2 protein chains.
Amino acid sequence: MNNRLRVLRAEHGWSQQDLADRLGVSRQSVNAIEKGRYDPSLPLAFSIADVFGLPIEAIFLRD
Amino acid sequence: MNNRLRVLRAEHGWSQQDLADRLGVSRQSVNAIEKGRYDPSLPLAFSIADVFGLPIEAIFLRD
DNA sequence: CTCTAATGTAAAGCGACCTTGTCATTATGA
DNA sequence: TCATAATGACAAGGTCGCTTTACATTAGAG
């Protein structure tokens, strides 16, 4: 499950900590998801989609 | 996190076992998700979206 | 160069997701 | 009625998602 988190975060000029704060999760979680170490839960995926104003499918990609 | 699994499954005339087979998960998992006992992982949510030919947002709803 | 922000990673712990196995209940059909 | 299918639920066990704490590395500002 690839994702475009790093790019989207950069477009917004946010640090991993900034994004973590907006999502209400730890910086390590953002880093781990961004680096592909694991996938977010579905609720967190929805939160990420909300933060960026995009559908989940525009952020997370099948492989 | 509400979902429209029961309705969609009924529309297709599938039993929980039928859907589980298509998703490659156990019948108990389908039942638990359908009953709202827990949310699917993101990869499973994508599989469900694929099976029904719908975007994730059309199946799973924020609360 | 020095200080600080940002990032990457690791460990331990907890709860969520998913499994197999099992049992109970309800509905349907021969 | 009897057999079978479908659903709901629970327990035990494994892995994943997320936490806090901690430390190392990299990059930029001054």
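Remember, predicted model here, so these are calculated numbers, not experimental data. Residue numbering restarts at 1 for every chain, and letters A, B, ... go by the order of the sequence lines.
Separation of atoms CD1 (A:Ile33) and CG (A:Leu23) is listed at 8.0 Å; rounding is to 0.5 Å. Separation of atoms CG (B:Leu8) and CG (B:Leu54) is listed at 6.0 Å; rounding is to 0.5 Å. Atom CD1 of residue B:Ile59 and atom CG of residue B:Asn2 lie 13.5 Å apart, to the nearest 0.5 angstrom.
For residues 29-55 of chain B, every residue pair satisfying the salt bridge (Lys or Arg N to Asp or Glu O under 4.0 Å) rule, not counting sequence neighbours, is listed here: A:Arg62-B:Asp50, B:Arg6-B:Glu34, B:Arg9-B:Glu34. For residues 19-40 of chain B, there are no ring pair (Phe, Tyr, Trp, His ring centres under 6.0 Å) pairs, not counting sequence neighbours. Judged as a ring pair (Phe, Tyr, Trp, His ring centres under 6.0 Å), the pairs with a partner in residues 8-35 of chain A (not counting sequence neighbours) are, in order, A:His12-A:Trp14, A:His12-A:Phe52, A:Trp14-A:Phe52. Pairs of residues two or more places apart, or lying in two chains, never qualify as side-chain hydrogen bond (donor to acceptor under 3.5 Å, both in side chains) while including a residue from residues 40-49 of chain A. The salt bridge (Lys or Arg N to Asp or Glu O under 4.0 Å) pairs that include a residue from residues 10-28 of chain A number zero, where partners must be two or more places apart or lie in different chains.
For the side-chain hydrogen bond (donor to acceptor under 3.5 Å, both in side chains) test, no residue two or more places apart in sequence or in another chain qualifies with B:Asn3. With sequence neighbours left out, the ring pair (Phe, Tyr, Trp, His ring centres under 6.0 Å) criterion links A:Phe46 to no other residue. B:Ser29 pairs by the side-chain hydrogen bond (donor to acceptor under 3.5 Å, both in side chains) definition with B:Ser26, not counting sequence neighbours.
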For nucleotides 7-19 of chain C, read 5' to 3', which letter fits each nucleotide if B means a protein heavy atom sits under 4.0 Å from the base, S means only the sugar-phosphate is that close, and - means neither?
BBBB------SBB
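Residues A:Pro55 and A:Ala49 approach most closely at C-CB, 4.3 Å, considering heavy atoms.
Taken over five-pair windows at either terminus, the axes of the helix from C:dC1-D:dG30 to C:dA30-D:dT1 are inclined to one another by 40° (rounded to 10 degrees).
From the 5' end on, the contacts that DNA chain D makes with chain B at under 4.0 Å to a non-hydrogen atom open and close at D:dT7 to D:dC10.
Residues from residues 48-61 of chain A lying near DNA chain C, meaning a heavy-atom separation below 4.0 Å, are absent.
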